Amino acid sequence: MLNVTIELPDDVLPIIEGLDVPLSEWVTDRLRDHASGTTSSFAGEIIADAVLAQDETPASPEAVDSRLGRSAPW
């Protein structure tokens with residue numbers, strides 16, 4: 001697993017210390033909770049992109065990325 005170091009403002013540290021679990025575990029739990037609440041599958045995202053792309057030709061990779069960014073639930 002990749003280890004990443006981030007810098008946090010001093011006023012955030014007491015909040016993290018009050019979590020009673022390691023920050024990485026807390027973040028992982030929140031991300032899993034969010035992922036379980038999403039209703040769109042990857043296939044659904046591709047279909048939504050195809051609908052948005054109907055009026056665009058040719059479809060550049062940048063346009064696809066932009067559309068998926070707008071339609072993705074995350």
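This structure is a prediction, so every number in the text was calculated from the model and none was measured.
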Going by the rule side-chain contact (heavy atoms from CB on, under 4.5 Å), which residues pair with E17 if we only count those two or more places apart in sequence or in a different chain? none
Contacts of L23 meeting side-chain contact (heavy atoms from CB on, under 4.5 Å) (sequence neighbours excluded), chain-then-number -> I16, L19, W26, V27
Going by the rule side-chain contact (heavy atoms from CB on, under 4.5 Å), which residues pair with P14 if we only count those two or more places apart in sequence or in a different chain? none
Taking side-chain contact (heavy atoms from CB on, under 4.5 Å) as the definition, give me every residue that meets it alongside L13, ordered by chain and number, with sequence neighbours left out. L8, D10
Write down the atom of D11, the atom of I15, and the distance for their closest heavy-atom approach. O-CD1, 4.0 Å
